[in-house]
K.L.:
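What follows is a single structure, and I will ask about it in a moment.
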Amino acid sequence: MQAPDYAQGFWNPYVAGVALGLVLLMSFYLMGTGLGASGAVVRTAAVVAHSVAPEAVEQNEFFKSLFKSGGKHPLMNRIVFMVLGIFLGGFVAVLTARRFRPEVGRGPTAGVGLRLSLAFVGGVLGGVGTRFALGCTSGQALSGGATMAAGSWAFMLAVFGTAFAAAYFVRRQWS
Amino acid sequence: MTGPLYLFGTFGYGTSLIVSLITGFFFGFVLERAGFADSRTLTNIFYFRDMRVLRVMFSALTTAMVGLIVLSWLGLFDYSVLLQYALLETFLWPQLVGGILFGLGFIIGGYCPGTSMVGIVSGRLDAIVFLGGMFVGIYVFAAGFPIWSTFASSGNLGRLTLWQVFDIPMSVMAALIVAMALAAFWLAGLAEKWAPYDKKGSPAQRRS
């Protein structure tokens with residue numbers, strides 16, 4: 001038997017890991033900070049909400065620090081540029097490997113409706129989680145982990161411990 | 001030149017945005033080449049089918065960790081600047097609770113933020129829906145912020161490192177983490193053979 005087709009044609013995981021580690025090292029050497037992604041989602045969400053209801057967003061205790069008068073535009077931030085790079089780099093990688101394929105990633109017996117509903121629920125939980133933890137797998141687990149930041153390791157253990165424990169209950173969407 | 005270059009003022013704000021864009025480009029490229037655009041590959045680890053996520057993450061983490069230490073030994077990186085100005089602060093309780101919510105989001109949603117972006121450019125519809133859910137999650141957090149703002153900044157222990165927690169030299173802590181990673185790589189192979197959710201063995205095992 002072969003590996004499922006969605007898992008074929010990728011780099012050896014250790015090669016990919018060392019390459020990812022070198023990108024992270026480059027980021028620390030150049031910028032003093034690691035990688036990140038969720039911060040850009042916050043800033044984009046804030047700008048979108050601000051275009052609809054500027055006053056409500058400027059008065060919101062969480063968003064208002066992004067809209068200080070005289071401050072830079074919320075999107076003029078390194079994390080937003082990094083995420084633009086992620087989209088670009090990912091797209092170039094997909095195209096050059098001829099792997100672009102519209103589909104819904106799900107287990108062989110899981111329905112599309114179930115999978116997309118759970119993707120949404122998971123996105124909401126993940127979004128809330130990143131704001132309590134001040135980062136995600138890249139900003140906290142990888143970047144904080146590589147610099148041995150205590151809170152980042154606590155976050156990483158909580159993420160993987162919870163996911164292993166909860167996996168049983170959502171096994172139907174993946175099996 | 002001694003890093004971190006931006007913190008030493010070697011280049012300015014405008015250049016830092018371009019540097020971040022280029023760094024992000026490599027980040028996204030490698031995530032795709034690692035196979036992290038697909039939610040099944042990302043969640044297979046939690047069913048012991050394919051431990052690729054563990055192998056990639058721990059080899060990336062240890063590469064950067066050891067790399068920073070070697071660079072600082074060579075005088076090419078000032079680790080004290082990182083510790084003083086850039087190390088992520090610890091907020092223990094919100095980071096644990098955030099980690100639990102994020103872990104649930106990961107196994108239920110199938111993605112984390114960065115990988116969902118690579119999933120989107122690979123054509124994965126579940127990745128688009130996950131990122132849409134994240135927007136909603138951020139609005140939920142912002143709307144309820146008055147309720148949990150005190151908790152969200154609780155347990156602040158400052159820029160605390162693991163070697164300070166365990167009161168051992170930094171290089172010893174790093175060596176322990178490398179040893180832990182090597183043990184995890186070995187256990188990952190055993191876990192794939194075990195594959196408790198699949199009677200016929202894991203895809204990774206069948207591949208070989």
Side-chain angles (χ1 to χ4, degrees), chain A residues 1 3 6 10-11 13-14 16-21 23-25 27 29 31-32 37-38 45 61-62 78 81-82 85-86 89-91 93-94 101-102 104-105 116 119-120 122-129 131-133 136-138 144-146 148-151 155 158-159 162-163 166-167, chain B residues 3-4 6-7 17 20-21 23-26 28-30 32-35 38-39 46 52 55-56 59-61 63-65 67 86 88 90 94-95 98-103 105 107-109 112-114 118 121-123 125-126 129-130 133-135 137-138 141-142 145 160-162 206-207:
Chain A
M1 291 259 304
Y6 66 81
F10 296 103
W11 285 355
Y14 298 113
V18 170
L20 181 55
V23 176
L24 179 56
L25 181 63
S27 183
Y29 176 74
M31 294 291 297
S38 61
E61 289 295 317
F62 177 62
R78 67 163 196 99
F81 280 72
M82 180 167 289
I86 294 175
F91 196 51
V94 169
R101 194 173 56 215
V104 176
L116 291 184
F120 182 79
V124 175
L125 288 169
V128 175
R131 287 313 91 205
F132 277 111
C136 56
T137 339
S138 29
M148 295 179 264
F155 171 76
V159 169
T162 305
Chain B
Y6 183 56
L7 296 184
L17 296 182
S20 297
L21 182 79
T23 309
F25 182 92
F26 287 122
F29 189 93
V30 174
E32 199 285 332
R33 284 291 188 266
D38 195 288
S39 51
F46 302 116
R52 173 171 276 269
R55 293 190 176 100
V56 173
S59 42
L61 191 157
T63 299
M65 178 183 72
L88 296 171
T90 293
Q95 280 180 312
I100 290 168
L101 291 171
F102 192 90
I107 186 63
I108 294 172
C112 56
V118 180
V121 292
S122 300
L125 299 173
D126 47 335
V129 173
F130 180 89
M134 263 196 75
F135 271 76
I138 285 161
F141 183 84
F145 196 65
L160 180 70
T161 65
L162 286 182
R206 278 179 262 142
R207 200 182 307 158

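Naming: A, B, ... by sequence-line order, numbering from 1 per chain. Note that the structure is predicted; figures quoted are calculated from it, not measured.
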K.L.:
Taking every non-hydrogen pair under 4.5 Å, which of B:Leu7, B:Val56, B:Thr63, B:Asp126 racks up the most with chain A?
P.N.:
B:Asp126
K.L.:
What residue in B:Asp38, B:Thr90, B:Val121 has the most heavy-atom pairs under 4.5 Å with chain A?
P.N.:
B:Val121
K.L.:
For the candidates B:Tyr6, B:Phe135, B:Phe29, which exhibits the highest count of non-hydrogen atom pairs separated by less than 4.5 Å from chain A?
P.N.:
B:Phe29
K.L.:
Pick whichever of B:Leu61, B:Val30, B:Leu101 has the most heavy-atom pairs under 4.5 Å with chain A.
P.N.:
B:Leu61
K.L.:
Just so I understand: if I count every heavy-atom pair under 4.5 Å between each of A:Ala133, A:Ala146, A:Ala149 and chain B, which residue has the most?
P.N.:
A:Ala146
K.L.:
Say you draw a straight line from OH of A:Tyr14 to CZ of B:Arg52; how long is it, rounded to the nearest 0.5 Å?
P.N.:
10.5 Å
K.L.:
Check this for me: B:Phe25, atom CZ, are more than 12 non-hydrogen atoms of other residues, nucleotides or ligands nearer than 6.0 Å?
P.N.:
yes
K.L.:
Quick check for you: to the nearest 0.5 Å, what is the distance between B:Ile100 atom CD1 and A:Phe155 atom CZ?
P.N.:
11.0 Å
K.L.:
Taking every non-hydrogen pair under 4.5 Å, which of B:Ala34, B:Ser39, B:Gly3, B:Ala86 racks up the most with chain A?
P.N.:
B:Ser39
K.L.:
Using a cut-off of under 4.5 Å for heavy-atom pairs, which of A:Ser27, A:Gly144, A:Gly127 has the most such pairs with chain B?
P.N.:
A:Gly127
K.L.:
Which atom names give the shortest non-hydrogen contact between B:Ala64 and A:Leu25, and what distance separates them?
P.N.:
O-CD1, 3.8 Å
K.L.:
Looking at every heavy atom in both A:Phe62 and A:Arg131, which two are closest together, and how far apart are they?
P.N.:
CZ-CD, 3.5 Å
K.L.:
Rounded to the nearest 0.5 Å, how far apart are OG1 of B:Thr23 and CD1 of A:Ile86?
P.N.:
10.0 Å
K.L.:
So for B:Phe102, is it side chain, backbone, both, or neither that comes closer than 4.5 Å to the heavy atoms of chain A?
P.N.:
both
K.L.:
Flag the one option from B:Gly114, B:Gly67, B:Gly35 with the top tally of heavy-atom pairs under 4.5 Å to chain A.
P.N.:
B:Gly35
K.L.:
Between chain B and each of A:Gly145, A:Ala163, A:Gly90, count heavy-atom pairs under 4.5 Å; write down the option with the most.
P.N.:
A:Ala163
K.L.:
Who pairs with A:Phe132 by ring-ring contact (aromatic ring centres under 6.0 Å, His included), at least two apart in sequence or on another chain?
P.N.:
B:Phe141, B:Trp148, B:Phe151
K.L.:
What residue in A:Val104, A:Leu24, A:Thr162 has the most heavy-atom pairs under 4.5 Å with chain B?
P.N.:
A:Thr162
K.L.:
Please list, chain by chain and in numerical order, all residues satisfying side chain to side chain contact (heavy atoms under 4.5 Å, CB included) with A:Phe81, sequence neighbours excluded.
P.N.:
A:Met76, B:Leu17, B:Ser20, B:Leu21
K.L.:
Who among A:Pro102, A:Ala166, A:Gly123 has the most heavy-atom pairs with chain B under 4.5 Å?
P.N.:
A:Gly123
K.L.:
Tell me the closest heavy-atom pair linking A:Ala19 and A:Trp11, and the distance in Å.
P.N.:
CB-CZ3, 4.0 Å
K.L.:
Between A:Arg78, A:Glu61, A:Met31, which has the largest tally of heavy atom pairs under 4.5 Å with chain B?
P.N.:
A:Met31
